[in-house]
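In this text, all values refer to a predicted model and were calculated from it rather than measured experimentally. To find a chain, count down the sequence lines: A is the first, B the second, and so on, and within it residues start at 1.
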Protein chains: 2
Amino acid sequence: MYEDLKQFIGKFANLSLEEWKAVEPFIETRLLKKNDYFVREGEIARYICFTQKGYLRVFYNHDGDDITRDISPLHTFVTALPSYVSQTPSYEIIQAITDTELFVIYHDNLEYLYDRYNNWQRVGRRVMEEMFVQTQRRIYAFITQPAEDRYKAMMKEFPDIFQHVPLQYIASYLGITSQSLSRLRRTVKF
Amino acid sequence: MYEDLKQFIGKFANLSLEEWKAVEPFIETRLLKKNDYFVREGEIARYICFTQKGYLRVFYNHDGDDITRDISPLHTFVTALPSYVSQTPSYEIIQAITDTELFVIYHDNLEYLYDRYNNWQRVGRRVMEEMFVQTQRRIYAFITQPAEDRYKAMMKEFPDIFQHVPLQYIASYLGITSQSLSRLRRTVKF
DNA sequence: GGTTTTTTTTAACATTTGGTAAAAAATGAA
DNA sequence: TTCATTTTTTACCAAATGTTAAAAAAAACC
(Lines give C-alpha, C1' and ligand atoms only; values in the text may rest on other atoms or scores of the structure.)
Protein backbone atom coordinates (compact mmCIF):
# COMPACT_ATOMS: atom_id res chain seq x y z
CA MET A 1 0.00 0.00 0.00
CA TYR A 2 1.13 3.52 -0.84
CA GLU A 3 4.12 2.15 -2.71
CA ASP A 4 4.59 5.16 -5.00
CA LEU A 5 4.21 7.55 -2.11
CA LYS A 6 6.71 5.63 -0.04
CA GLN A 7 9.17 5.58 -2.87
CA PHE A 8 8.79 9.30 -3.41
CA ILE A 9 9.30 10.10 0.24
CA GLY A 10 12.10 7.59 0.50
CA LYS A 11 14.21 9.88 -1.66
CA PHE A 12 14.18 12.45 1.13
CA ALA A 13 14.43 10.56 4.41
CA ASN A 14 14.64 7.09 5.85
CA LEU A 15 11.56 6.66 7.93
CA SER A 16 11.16 4.03 10.60
CA LEU A 17 8.22 1.68 10.65
CA GLU A 18 6.76 3.65 13.52
CA GLU A 19 7.00 6.87 11.55
CA TRP A 20 5.22 5.25 8.64
CA LYS A 21 2.53 3.93 10.91
CA ALA A 22 2.06 7.39 12.32
CA VAL A 23 1.07 8.85 8.98
CA GLU A 24 -1.23 6.15 7.71
CA PRO A 25 -4.28 7.03 9.78
CA PHE A 26 -4.05 10.51 8.28
CA ILE A 27 -4.04 9.44 4.66
CA GLU A 28 -7.38 9.55 2.96
CA THR A 29 -7.97 8.35 -0.59
CA ARG A 30 -10.04 10.63 -2.76
CA LEU A 31 -11.27 9.98 -6.28
CA LEU A 32 -11.97 12.89 -8.60
CA LYS A 33 -13.70 12.73 -11.93
CA LYS A 34 -12.36 14.78 -14.80
CA ASN A 35 -13.10 18.47 -14.18
CA ASP A 36 -13.86 17.97 -10.48
CA TYR A 37 -12.22 20.50 -8.18
CA PHE A 38 -9.65 19.73 -5.53
CA VAL A 39 -9.47 23.36 -4.39
CA ARG A 40 -12.00 26.00 -5.42
CA GLU A 41 -11.38 29.73 -5.69
CA GLY A 42 -11.85 31.45 -2.35
CA GLU A 43 -11.78 28.19 -0.44
CA ILE A 44 -9.01 27.51 2.07
CA ALA A 45 -6.68 24.74 0.92
CA ARG A 46 -6.98 22.60 4.02
CA TYR A 47 -5.07 19.68 2.59
CA ILE A 48 -2.23 18.60 0.42
CA CYS A 49 -2.35 15.60 -1.87
CA PHE A 50 -0.13 13.11 -3.58
CA THR A 51 -1.24 12.26 -7.11
CA GLN A 52 -1.51 8.50 -7.32
CA LYS A 53 -3.32 8.46 -10.66
CA GLY A 54 -4.24 11.17 -13.12
CA TYR A 55 -3.36 14.81 -13.64
CA LEU A 56 -4.23 18.02 -11.85
CA ARG A 57 -3.73 21.55 -12.95
CA VAL A 58 -3.13 24.51 -10.69
CA PHE A 59 -4.30 27.79 -12.17
CA TYR A 60 -5.96 31.05 -11.38
CA ASN A 61 -8.39 33.31 -13.13
CA HIS A 62 -6.75 36.42 -14.55
CA ASP A 63 -9.32 38.75 -16.14
CA GLY A 64 -11.31 35.79 -17.39
CA ASP A 65 -8.30 33.84 -18.63
CA ASP A 66 -7.02 30.76 -16.88
CA ILE A 67 -3.34 31.05 -16.04
CA THR A 68 -1.84 27.63 -15.49
CA ARG A 69 0.93 27.66 -12.91
CA ASP A 70 1.40 23.94 -12.83
CA ILE A 71 0.35 20.70 -14.40
CA SER A 72 1.14 17.97 -11.92
CA PRO A 73 3.12 15.07 -13.22
CA LEU A 74 2.22 11.75 -11.63
CA HIS A 75 3.41 10.97 -8.13
CA THR A 76 4.04 14.40 -6.75
CA PHE A 77 2.62 16.55 -4.00
CA VAL A 78 0.15 19.21 -5.00
CA THR A 79 -1.66 21.95 -3.14
CA ALA A 80 -2.46 25.63 -3.49
CA LEU A 81 0.56 26.53 -1.42
CA PRO A 82 -0.04 30.23 -0.72
CA SER A 83 -3.40 29.31 0.75
CA TYR A 84 -2.18 26.14 2.40
CA VAL A 85 0.74 27.63 4.31
CA SER A 86 -1.24 30.56 5.66
CA GLN A 87 -4.64 28.81 5.78
CA THR A 88 -6.28 31.75 4.03
CA PRO A 89 -8.65 31.78 1.03
CA SER A 90 -7.07 30.58 -2.17
CA TYR A 91 -6.86 32.50 -5.42
CA GLU A 92 -5.39 29.38 -6.98
CA ILE A 93 -7.76 26.74 -8.22
CA ILE A 94 -6.93 23.06 -8.54
CA GLN A 95 -8.92 20.91 -10.90
CA ALA A 96 -8.68 17.36 -12.20
CA ILE A 97 -7.70 17.17 -15.85
CA THR A 98 -8.41 13.45 -15.97
CA ASP A 99 -10.03 11.02 -13.59
CA THR A 100 -7.76 11.09 -10.62
CA GLU A 101 -6.86 9.17 -7.49
CA LEU A 102 -5.37 11.24 -4.71
CA PHE A 103 -3.91 10.55 -1.30
CA VAL A 104 -5.01 13.45 0.83
CA ILE A 105 -3.55 14.67 4.11
CA TYR A 106 -5.05 17.52 6.07
CA HIS A 107 -2.91 20.49 6.97
CA ASP A 108 -3.57 20.21 10.69
CA ASN A 109 -2.70 16.54 10.77
CA LEU A 110 0.48 17.12 8.86
CA GLU A 111 1.48 19.91 11.23
CA TYR A 112 0.85 17.52 14.08
CA LEU A 113 3.15 15.00 12.43
CA TYR A 114 5.78 17.67 11.89
CA ASP A 115 5.64 18.66 15.54
CA ARG A 116 5.90 15.16 16.75
CA TYR A 117 8.40 13.64 14.32
CA ASN A 118 11.50 15.51 13.32
CA ASN A 119 11.86 13.06 10.47
CA TRP A 120 8.51 14.05 9.01
CA GLN A 121 9.45 17.68 9.36
CA ARG A 122 12.59 16.78 7.45
CA VAL A 123 10.52 15.25 4.67
CA GLY A 124 8.52 18.46 4.46
CA ARG A 125 11.65 20.54 4.28
CA ARG A 126 13.31 18.36 1.66
CA VAL A 127 10.22 18.24 -0.51
CA MET A 128 10.01 22.03 -0.41
CA GLU A 129 13.69 22.37 -1.27
CA GLU A 130 13.23 20.19 -4.33
CA MET A 131 10.11 22.01 -5.43
CA PHE A 132 11.96 25.29 -5.08
CA VAL A 133 14.86 24.03 -7.18
CA GLN A 134 12.45 22.89 -9.88
CA THR A 135 10.65 26.21 -9.91
CA GLN A 136 13.98 27.98 -10.27
CA ARG A 137 14.68 25.89 -13.34
CA ARG A 138 11.43 27.02 -14.83
CA ILE A 139 12.36 30.65 -14.22
CA TYR A 140 15.67 30.14 -15.97
CA ALA A 141 13.74 28.66 -18.88
CA PHE A 142 11.53 31.74 -19.10
CA ILE A 143 14.57 34.00 -19.10
CA THR A 144 16.75 32.12 -21.53
CA GLN A 145 14.47 30.19 -23.87
CA PRO A 146 11.91 31.25 -26.45
CA ALA A 147 8.54 29.51 -26.32
CA GLU A 148 9.58 26.98 -28.94
CA ASP A 149 12.44 25.70 -26.83
CA ARG A 150 10.29 25.58 -23.72
CA TYR A 151 7.75 23.56 -25.66
CA LYS A 152 10.34 21.09 -26.91
CA ALA A 153 11.82 20.71 -23.44
CA MET A 154 8.39 20.02 -22.01
CA MET A 155 7.63 17.37 -24.63
CA LYS A 156 10.89 15.69 -23.80
CA GLU A 157 10.55 15.83 -20.02
CA PHE A 158 6.81 15.09 -19.70
CA PRO A 159 5.77 13.19 -22.82
CA ASP A 160 2.92 11.54 -20.92
CA ILE A 161 1.32 14.90 -20.22
CA PHE A 162 0.77 15.47 -23.92
CA GLN A 163 -1.30 12.30 -24.04
CA HIS A 164 -3.74 13.55 -21.45
CA VAL A 165 -3.75 17.31 -21.15
CA PRO A 166 -5.58 19.75 -23.48
CA LEU A 167 -3.21 21.96 -25.45
CA GLN A 168 -4.71 25.16 -24.12
CA TYR A 169 -3.51 24.29 -20.63
CA ILE A 170 -0.08 23.44 -21.93
CA ALA A 171 0.05 26.75 -23.81
CA SER A 172 -0.80 28.65 -20.65
CA TYR A 173 1.80 26.70 -18.69
CA LEU A 174 4.36 27.68 -21.32
CA GLY A 175 3.29 31.30 -21.04
CA ILE A 176 1.85 31.66 -24.55
CA THR A 177 -1.58 31.69 -26.19
CA SER A 178 -3.02 28.53 -27.67
CA GLN A 179 -2.83 30.17 -31.11
CA SER A 180 0.89 30.63 -30.68
CA LEU A 181 1.26 27.04 -29.54
CA SER A 182 -0.61 25.87 -32.63
CA ARG A 183 1.75 27.86 -34.80
CA LEU A 184 4.77 26.36 -33.04
CA ARG A 185 3.45 22.84 -33.46
CA ARG A 186 3.01 23.38 -37.16
CA THR A 187 6.55 24.68 -37.54
CA VAL A 188 8.34 22.35 -35.16
CA LYS A 189 8.72 18.98 -36.76
CA PHE A 190 11.32 17.84 -34.26
CA MET B 1 23.31 40.73 18.03
CA TYR B 2 21.78 39.17 14.92
CA GLU B 3 18.65 41.29 15.40
CA ASP B 4 17.61 41.26 11.74
CA LEU B 5 18.23 37.54 11.48
CA LYS B 6 16.25 36.87 14.62
CA GLN B 7 13.40 38.96 13.38
CA PHE B 8 13.39 37.16 10.05
CA ILE B 9 13.39 33.74 11.63
CA GLY B 10 10.88 34.84 14.23
CA LYS B 11 8.28 35.02 11.48
CA PHE B 12 8.51 31.26 11.09
CA ALA B 13 8.95 29.76 14.53
CA ASN B 14 9.23 30.70 18.18
CA LEU B 15 12.62 29.53 19.24
CA SER B 16 13.64 29.03 22.83
CA LEU B 17 16.73 30.65 24.26
CA GLU B 18 18.45 27.30 24.16
CA GLU B 19 17.64 26.89 20.49
CA TRP B 20 19.08 30.31 19.77
CA LYS B 21 22.19 29.53 21.73
CA ALA B 22 22.60 26.35 19.73
CA VAL B 23 22.93 28.18 16.45
CA GLU B 24 25.22 31.00 17.51
CA PRO B 25 28.47 29.04 17.52
CA PHE B 26 27.73 28.13 13.92
CA ILE B 27 27.25 31.65 12.65
CA GLU B 28 30.28 33.19 11.03
CA THR B 29 30.40 36.77 9.79
CA ARG B 30 31.92 37.27 6.38
CA LEU B 31 32.64 40.54 4.62
CA LEU B 32 32.71 40.68 0.84
CA LYS B 33 33.92 43.55 -1.28
CA LYS B 34 31.99 44.48 -4.38
CA ASN B 35 32.50 41.81 -7.07
CA ASP B 36 33.86 39.24 -4.61
CA TYR B 37 32.40 35.78 -4.99
CA PHE B 38 30.35 33.96 -2.42
CA VAL B 39 30.05 30.84 -4.59
CA ARG B 40 32.16 30.26 -7.70
CA GLU B 41 31.20 28.19 -10.71
CA GLY B 42 32.05 24.52 -10.19
CA GLU B 43 32.55 24.97 -6.47
CA ILE B 44 30.28 23.17 -4.01
CA ALA B 45 28.04 25.59 -2.11
CA ARG B 46 29.00 24.42 1.37
CA TYR B 47 27.11 27.18 3.14
CA ILE B 48 24.06 29.33 3.17
CA CYS B 49 24.08 32.99 4.17
CA PHE B 50 21.83 35.69 5.51
CA THR B 51 22.43 39.09 3.93
CA GLN B 52 22.99 41.54 6.74
CA LYS B 53 24.25 44.35 4.53
CA GLY B 54 24.54 44.74 0.77
CA TYR B 55 23.30 42.88 -2.27
CA LEU B 56 24.18 39.59 -3.91
CA ARG B 57 23.22 38.29 -7.27
CA VAL B 58 22.73 34.67 -8.20
CA PHE B 59 23.36 33.95 -11.86
CA TYR B 60 24.84 31.50 -14.26
CA ASN B 61 26.76 31.70 -17.45
CA HIS B 62 24.69 30.84 -20.50
CA ASP B 63 26.77 30.89 -23.69
CA GLY B 64 28.78 33.81 -22.39
CA ASP B 65 25.78 35.74 -21.10
CA ASP B 66 25.06 36.11 -17.42
CA ILE B 67 21.55 34.98 -16.57
CA THR B 68 20.44 36.49 -13.29
CA ARG B 69 18.13 34.22 -11.35
CA ASP B 70 17.98 36.37 -8.26
CA ILE B 71 19.06 39.65 -6.80
CA SER B 72 18.89 39.28 -3.05
CA PRO B 73 16.97 41.92 -1.19
CA LEU B 74 18.39 42.72 2.22
CA HIS B 75 17.83 40.32 5.09
CA THR B 76 17.12 37.09 3.30
CA PHE B 77 18.78 33.73 2.97
CA VAL B 78 20.83 33.11 -0.12
CA THR B 79 22.67 30.11 -1.49
CA ALA B 80 23.12 28.22 -4.74
CA LEU B 81 20.40 25.82 -3.76
CA PRO B 82 20.79 23.08 -6.38
CA SER B 83 24.40 22.71 -5.31
CA TYR B 84 23.71 23.22 -1.64
CA VAL B 85 21.02 20.60 -1.22
CA SER B 86 22.94 17.91 -3.07
CA GLN B 87 26.46 19.11 -2.15
CA THR B 88 27.54 18.86 -5.78
CA PRO B 89 29.40 21.40 -7.95
CA SER B 90 27.45 24.54 -8.63
CA TYR B 91 26.57 25.94 -12.02
CA GLU B 92 25.12 28.94 -10.24
CA ILE B 93 27.49 31.71 -9.26
CA ILE B 94 26.93 34.12 -6.39
CA GLN B 95 28.71 37.45 -6.41
CA ALA B 96 28.55 40.60 -4.31
CA ILE B 97 27.03 43.54 -6.16
CA THR B 98 28.01 45.94 -3.38
CA ASP B 99 30.18 45.64 -0.31
CA THR B 100 28.40 43.05 1.74
CA GLU B 101 28.17 41.67 5.26
CA LEU B 102 26.97 38.09 5.49
CA PHE B 103 26.12 35.71 8.29
CA VAL B 104 27.28 32.34 7.07
CA ILE B 105 26.26 28.88 8.26
CA TYR B 106 27.81 25.73 6.90
CA HIS B 107 25.59 23.06 5.43
CA ASP B 108 26.85 20.33 7.73
CA ASN B 109 26.31 22.40 10.83
CA LEU B 110 22.84 23.33 9.76
CA GLU B 111 22.00 19.70 9.08
CA TYR B 112 23.25 18.92 12.56
CA LEU B 113 20.95 21.57 13.96
CA TYR B 114 18.06 20.20 11.94
CA ASP B 115 18.68 16.70 13.28
CA ARG B 116 18.89 17.84 16.80
CA TYR B 117 16.18 20.49 17.00
CA ASN B 118 12.81 19.91 15.40
CA ASN B 119 12.21 23.63 15.73
CA TRP B 120 15.18 24.45 13.55
CA GLN B 121 14.03 21.90 11.04
CA ARG B 122 10.71 23.73 11.12
CA VAL B 123 12.43 27.01 10.36
CA GLY B 124 14.14 25.41 7.38
CA ARG B 125 10.86 24.05 6.12
CA ARG B 126 8.98 27.30 6.56
CA VAL B 127 11.69 29.36 4.90
CA MET B 128 11.63 27.00 1.92
CA GLU B 129 7.85 27.18 1.74
CA GLU B 130 7.97 30.96 1.57
CA MET B 131 10.73 30.98 -1.01
CA PHE B 132 8.70 28.58 -3.11
CA VAL B 133 5.61 30.77 -2.88
CA GLN B 134 7.64 33.80 -3.95
CA THR B 135 9.15 31.97 -6.88
CA GLN B 136 5.67 30.92 -7.97
CA ARG B 137 4.65 34.56 -8.01
CA ARG B 138 7.52 35.32 -10.29
CA ILE B 139 6.41 32.58 -12.66
CA TYR B 140 2.91 34.00 -12.76
CA ALA B 141 4.46 37.37 -13.58
CA PHE B 142 6.36 35.87 -16.51
CA ILE B 143 3.18 34.27 -17.83
CA THR B 144 0.78 37.17 -17.39
CA GLN B 145 2.80 40.38 -17.55
CA PRO B 146 4.81 42.02 -20.32
CA ALA B 147 8.30 43.20 -19.44
CA GLU B 148 7.09 46.73 -18.79
CA ASP B 149 4.73 45.61 -16.04
CA ARG B 150 7.34 43.37 -14.48
CA TYR B 151 9.72 46.33 -14.45
CA LYS B 152 7.19 48.61 -12.79
CA ALA B 153 6.32 45.98 -10.21
CA MET B 154 9.99 45.50 -9.40
CA MET B 155 10.54 49.24 -8.97
CA LYS B 156 7.62 49.36 -6.61
CA GLU B 157 8.55 46.30 -4.57
CA PHE B 158 12.32 46.77 -4.40
CA PRO B 159 13.02 50.48 -4.90
CA ASP B 160 16.27 50.18 -2.95
CA ILE B 161 17.67 47.70 -5.46
CA PHE B 162 17.58 50.34 -8.18
CA GLN B 163 19.89 52.50 -6.09
CA HIS B 164 22.58 49.88 -5.95
CA VAL B 165 22.30 47.38 -8.76
CA PRO B 166 23.52 47.89 -12.37
CA LEU B 167 20.70 47.93 -14.89
CA GLN B 168 22.11 45.06 -16.89
CA TYR B 169 21.54 42.72 -13.95
CA ILE B 170 18.02 44.02 -13.49
CA ALA B 171 17.32 43.48 -17.19
CA SER B 172 18.48 39.91 -16.97
CA TYR B 173 16.40 39.33 -13.83
CA LEU B 174 13.38 40.63 -15.74
CA GLY B 175 14.17 38.31 -18.62
CA ILE B 176 14.99 40.97 -21.23
CA THR B 177 18.09 42.50 -22.80
CA SER B 178 19.58 45.69 -21.40
CA GLN B 179 18.69 47.41 -24.68
CA SER B 180 15.06 46.53 -24.17
CA LEU B 181 15.19 47.77 -20.60
CA SER B 182 16.65 51.06 -21.79
CA ARG B 183 13.79 51.42 -24.23
CA LEU B 184 11.25 50.71 -21.52
CA ARG B 185 12.80 53.25 -19.20
CA ARG B 186 12.60 55.92 -21.87
CA THR B 187 8.94 55.19 -22.53
CA VAL B 188 7.76 54.55 -18.99
CA LYS B 189 7.50 57.82 -17.17
CA PHE B 190 5.42 56.34 -14.36
C1' DG C 1 43.04 65.41 -14.64
C1' DG C 2 43.20 62.50 -18.50
C1' DT C 3 42.69 57.78 -20.23
C1' DT C 4 40.75 53.38 -20.54
C1' DT C 5 37.09 50.36 -19.65
C1' DT C 6 32.46 49.38 -18.66
C1' DT C 7 27.71 50.48 -18.73
C1' DT C 8 23.80 52.58 -20.69
C1' DT C 9 21.38 54.49 -24.43
C1' DT C 10 19.91 55.06 -29.19
C1' DA C 11 18.70 53.47 -33.75
C1' DA C 12 17.22 50.48 -37.61
C1' DC C 13 15.66 46.24 -38.72
C1' DA C 14 14.36 41.22 -37.72
C1' DT C 15 11.90 37.90 -35.12
C1' DT C 16 8.67 36.35 -31.86
C1' DT C 17 4.42 36.51 -29.85
C1' DG C 18 -0.23 38.58 -29.19
C1' DG C 19 -5.02 39.94 -30.70
C1' DT C 20 -8.91 39.29 -33.47
C1' DA C 21 -11.67 36.63 -36.22
C1' DA C 22 -13.12 32.70 -38.41
C1' DA C 23 -12.77 27.87 -40.03
C1' DA C 24 -11.89 23.17 -38.99
C1' DA C 25 -11.66 19.44 -35.93
C1' DA C 26 -12.77 17.08 -31.88
C1' DT C 27 -15.72 16.18 -28.11
C1' DG C 28 -19.92 15.63 -25.60
C1' DA C 29 -24.91 15.24 -25.21
C1' DA C 30 -29.49 14.00 -26.65
C1' DT D 1 -26.36 9.26 -35.36
C1' DT D 2 -27.10 14.27 -35.22
C1' DC D 3 -26.60 18.57 -33.11
C1' DA D 4 -24.35 21.70 -30.00
C1' DT D 5 -20.32 22.92 -27.68
C1' DT D 6 -15.53 23.13 -26.97
C1' DT D 7 -10.92 22.90 -28.60
C1' DT D 8 -7.54 23.49 -32.01
C1' DT D 9 -5.92 25.51 -36.12
C1' DT D 10 -5.28 29.09 -39.60
C1' DA D 11 -4.62 33.75 -41.26
C1' DC D 12 -3.62 38.57 -41.03
C1' DC D 13 -2.02 42.42 -38.80
C1' DA D 14 -0.24 44.76 -34.46
C1' DA D 15 2.78 44.99 -30.57
C1' DA D 16 6.69 43.51 -27.93
C1' DT D 17 11.22 42.14 -27.71
C1' DG D 18 15.67 40.65 -29.83
C1' DT D 19 19.87 41.61 -32.71
C1' DT D 20 23.47 44.26 -34.35
C1' DA D 21 26.04 48.26 -34.30
C1' DA D 22 27.46 52.45 -32.67
C1' DA D 23 27.33 56.61 -29.74
C1' DA D 24 27.00 58.60 -25.24
C1' DA D 25 27.57 58.42 -20.45
C1' DA D 26 29.49 56.76 -16.36
C1' DA D 27 32.88 54.48 -13.72
C1' DA D 28 37.41 52.80 -12.84
C1' DC D 29 42.26 53.38 -13.21
C1' DC D 30 46.70 55.54 -13.34
Asks: Roughly how many Å is it from CG in B/Asp149 to C1' in D/dT17, rounded to a whole number?
Replies: 14 Å
Asks: Should B/Tyr173 and B/Arg138 be marked as a side chain to side chain contact (heavy atoms under 4.5 Å, CB included) after you check the CA-CA gap, both sets of side-chain angles, and the distance that decides it?
Replies: CA-CA 10 Å; B/Tyr173 178 87; B/Arg138 192 150 162 233; 3.3 Å; yes
Asks: Round to a whole Å and report the spacing from CG of A/Asp65 to P of C/dT20.
Replies: 10 Å
Asks: Identify the residue among B/Tyr2, B/Tyr117, B/Trp120 that makes a ring pair (Phe, Tyr, Trp, His ring centres under 6.0 Å) with B/Trp20.
Replies: B/Trp120
Asks: If the condition is ring-ring contact (aromatic ring centres under 6.0 Å, His included), which residues does A/Phe132 pass it with, not counting sequence neighbours?
Replies: none
Asks: Atom CD of B/Gln145 and atom C1' of D/dA15: how far apart are they, to the nearest Å?
Replies: 17 Å
Asks: Under 4.0 Å between a Lys/Arg side-chain N and an Asp/Glu carboxylate O for A/Glu111 and B/Arg125?
Replies: yes
Asks: I'd like to know if A/Lys53 pairs up with A/Asp99 as an ion pair, taking the criterion as any Lys NZ or Arg NE/NH1/NH2 lying under 4.0 Å from an Asp or Glu carboxylate oxygen.
Replies: no
Asks: CZ/B/Phe38 to CD/B/Gln95 distance, rounded to the nearest 0.5 angstrom?
Replies: 13.0 Å
Asks: If you draw a 6.0 Å radius around CZ in B/Arg30, do more than 12 non-hydrogen atoms from other residues or ligands fall strictly inside?
Replies: yes
Asks: Rounded to the Å, how far apart are A/Arg150 CZ and C/dT16 C1'?
Replies: 11 Å
Asks: Below 4.0 angstrom, N of the basic side chain to O of the carboxylate: do A/Arg126 and A/Glu129 qualify?
Replies: yes
Asks: Please produce a list of atom pairs where a protein N or O lies less than 3.5 Å from an N or O of nucleotides 24-30 of chain C.
Replies:
residue	atom	partner	partner atom	Å
C/dG28	OP1	A/Lys34	NZ	3.3

Asks: Provide, to the nearest angstrom, the distance between the CZ atom belonging to A/Phe142 and the C1' atom belonging to C/dT16.
Replies: 15 Å
Asks: When the distance from OH of A/Tyr151 to C1' of D/dT9 is rounded to whole Å, what number comes out?
Replies: 13 Å
Asks: May I have the distance from B/Leu174 (atom CG) to D/dA16 (atom P), rounded to whole angstrom?
Replies: 16 Å
Asks: Whole angstroms only, please: what is the CG-C1' distance between A/Leu184 and C/dT16?
Replies: 9 Å
Asks: Report, as a single string ordered 5' to 3', how protein heavy atoms within less than 4.0 Å touch nucleotides 5-14 of chain C: B base, S sugar-phosphate only, - not at all.
Replies: --SSBBS---
Asks: Would a distance-only check, ignoring hydrogens and angles, find a side-chain to backbone donor-acceptor pair under 3.5 Å from B/Ser90 to B/Ala45?
Replies: no
